[in-house]
Amino acid sequence: VITEELIERGLGAAAEEYDVPPGAVDRLAAQLAPPQRGPRSWTHLSRRTWLAAAAAAIVAAVAVPLALGGGGSGTNSHGLTAAPLPPEKSATSGFAPATTGSGTAATAGGAGGSAGTVNSGAVPLASVPQYRAAKLVPAPSTNRVIKTGELDLQVPRGRVGVTLDRLSGLAGTEGGYVASSHSTQGDGAPYGSVTLRVPVARFERTVAVARTYGSKVLSLETTGTDVTAKYVDLNARISALQATRKTYLAILGRATTIGETLEVEQQITDVQTQIEQLQGQRNVLANHSAMSTLTVTVDQRLLTPVRHTGHRNGFVRAVDRSVSRFVRGVEAIVGALGPIVLVLLLVGLTALVARFGYRRLRRGLV
Amino acid sequence: MDDLDTWLAESYPRAFRTACLVLHSAADAEDAVQDAFLRVWRFRDAIPPGDGRRAWLYRVVVNACLSRARGDKRWAQREPEERLASLPAQADPQRDAETAALATCMAAALARLPEHLRIPVVLRYYSGLAEREIALAIQRRPGTVKSRLAEARRRLADDAALSEWNELEVAR
């Protein structure tokens with residue numbers, strides 16, 4: 001057994017061979033020392049002050065565009081109230097014009113603007129020419145609408161595979177691609193579906209062509225959601241946060257102690273995280289509003305189900321009846337066992353009590 | 001926080017050498033201890049009061065070492081630094097030579113120990129932590145620490161070079 005003293009001596013000797021970096025302790029102490037209480041400068045503010053300044057910067061970055069461009073609540077900076085306009089009727093295919101949306105204005109700083117489906121809601125201020133001409137509402141650069149559709153086609157027997165191939169070719173013709181596809185060719189009726197991603201501008205045309213590929217359209221459902229306001233809002237928030245991050249980076253360059261550095265770095269990390277989250281949301285919106293999604297299900301024409309009406313002879317019927325009665329008999333036995341067990345338990349308990357009482361009585365008599 | 005700064009500065013040399021023994025590299029150890037001390041300072045509100053703070057400090061140091069070691073895939077095959085074999089000349093050449101040889105043997109034997117045995121050994125026999133403190137530092141139960149220390153001693157005793165030293169020590 002090795003002695004502990006030898007281990008201690010050996011480890012001590014091995015450790016002593018590592019020289020402590022010269023000046024490391026002093027450097028560490030200087031870094032960890034609290035900041036000197038000299039003349040108060042803007043780089044020596046407390047963490048709470050930094051947070052308040054950052055919050056004020058963010059609020060200002062969001063509020064200024066709102067004040068200049070009109071809020072999402074329907075009242076602009078000039079006191080004009082957006083009169084609610086009658087909602088547009090939805091188109092047969094499920095799509096209103098792309099400019100329709102919710103009843104709130106889509107503005108550059110439209111934190112109050114919310115996305116709505118195109119099938120309901122009033123026309124936003126941004127789409128009203130006189131408001132746009134007066135520059136009360138900045139016009140969004142592009143309208144962004146997410147379009148999706150589900151089409152259920154019925155085709156003649158043996159045409160499922162061919163139809164799926166034609167649909168795949170249609171996606172390429174319209175400048176899109178096939179996102180997913182599957183088909184089953186089992187014992188039952190063949191069945192398949194394909195999901196196409198095509199540019200939003202060609203969505204209606206793609207739907208119109210696709211529905212001609214079937215002998216019958218079983219169902220067609222299309223939806224559209226105007227996300228222009230949300231997209232613009234995300235852009236504004238990202239810009240504001242990027243400005244905040246730039247400010248923090250400038251402050252970081254002036255930090256003199258490790259404490260200040262860590263605090264500013266923490267703020268930068270938080271802001272960066274928010275920026276990345278918003279950018280992710282914006283990318284998803286951009287992707288979904290650039291390419292629409294159409295899912296087409298292809299079914300073969302259903303055959304009339306054949307009822308099995310085969311003749312059964314007397315022997316088979318007798319066996320069936322016998323088996324059925326046997327099962328019923330077993331069920332009856334199992335059902336009867338419950339009360340029997342309960343009765344047996346009660347009888348046993350009564351016997352025990354009687355026996356105990358009898359013995360007590362007998363001892364009392366003796 | 002002056003007290004904390006002073007305590008950290010005083011703890012630096014031993015923490016640095018502890019990290020050296022775990023990582024076999026002065027450069028990596030310096031970085032790891034720097035990270036650990038900054039982390040301790042950043043989360044200074046979480047430092048337990050009293051005697052528990054030493055175990056807490058070594059817990060942070062060990063975690064920083066493990067993070068650095070696991071990020072470096074070559075670490076598992078790393079040999080102790082060669083400069084261990086060369087010692088500065090001192091007053092007693094005979095004793096210096098013995099110390100140098102022992103240091104070399106111990107460093108080599110330590111490098112052969114797996115990580116889960118090496119860290120308790122270093123914390124116990126170099127850093128001077130009690131088994132209870134080691135348990136806090138490596139987030140294991142005291143019974144586990146005890147068994148790991150016993151296993152580590154057994155493996156060190158099986159080391160050929162160290163066993164010769166041990167016999168010599170016992171003979172003295």
Side-chain angles (χ1 to χ4, degrees), chain A residues 1-38 43-51 248 251-253 255-273, chain B residues 1-2 4-6 8-10 12-14 16-21 25-27 29-30 33-34 37-38 40-42 80-81 83-87 98-107 109-110 121-122 124-128 152-159 162-163 165-166 168-170:
Chain A
V1 177
I2 193 166
T3 62
E4 295 189 338
E5 193 271 336
L6 179 63
I7 300 175
E8 286 177 4
R9 203 153 65 84
L11 285 177
E16 287 299 321
E17 299 312 311
Y18 290 100
D19 297 328
V20 177
V25 178
D26 295 337
R27 282 199 304 274
L28 189 66
Q31 285 181 337
L32 300 182
Q36 297 297 321
R37 298 293 180 192
T43 57
H44 291 81
L45 299 177
S46 67
R47 182 177 182 174
R48 183 175 296 177
T49 311
W50 286 121
L51 287 175
Y248 275 133
I251 294 170
L252 183 64
T256 54
T257 65
I258 191 66
E260 292 170 358
T261 304
L262 288 175
E263 287 182 4
V264 178
E265 278 182 349
Q266 182 61 43
Q267 299 302 324
I268 292 174
T269 304
D270 293 344
V271 171
Q272 183 64 32
T273 303
Chain B
M1 284 297 116
D2 290 342
L4 174 65
D5 296 343
T6 308
L8 287 178
E10 289 172 355
Y12 185 89
R14 190 159 286 268
F16 168 73
R17 287 183 170 129
T18 299
C20 287
L21 291 175
S25 164
E30 186 177 355
V33 175
Q34 183 82 359
F37 275 45
L38 288 177
V40 168
W41 188 88
R42 188 172 179 178
E81 290 183 349
R83 65 191 181 87
L84 276 177
S86 62
L87 278 178
E98 281 189 7
T99 306
L102 177 59
T104 306
C105 289
M106 181 56 76
L110 198 63
V121 164
V122 172
R124 177 73 185 90
Y125 296 110
Y126 176 70
S127 307
R153 282 196 298 268
R154 192 187 63 75
R155 292 202 190 190
L156 288 176
D158 288 344
D159 188 89
L162 272 184
S163 65
W165 274 99
N166 195 41
L168 188 63
E169 195 83 8
V170 172

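First the proteins, then the strands, lettered A, B, ... as listed; each starts at 1. Note that these values count all heavy atoms, side chains included, but never hydrogens, waters or copies made by symmetry.
Remark: B/Arg14 qualifies as a cation-pi partner of B/Tyr126 under the 6.0 Å distance and 45° angle criteria applied to the six-membered ring.
Counting heavy atoms from C-beta outward, A/Arg9 and B/Met106 have side chains that stay 4.5 Å or more apart. Between B/Val121 and A/Leu11 there is a side-chain heavy-atom pair separated by less than 4.5 Å.
For chain B, the nearby part of A/Glu5 is the side chain; its heavy atoms alone come within less than 4.5 Å. With a 4.5 angstrom heavy-atom cutoff, B/Leu156 touches chain A via backbone and side-chain atoms both.
Put simply, the side chain of B/Arg17 gets close to the backbone of A/Tyr18: a donor and an acceptor are under 3.5 Å apart.
Your options are B/Pro13, B/Ala9, B/Gly128, B/Cys20, and the one with the most heavy-atom pairs under 4.5 Å with chain A is B/Cys20.
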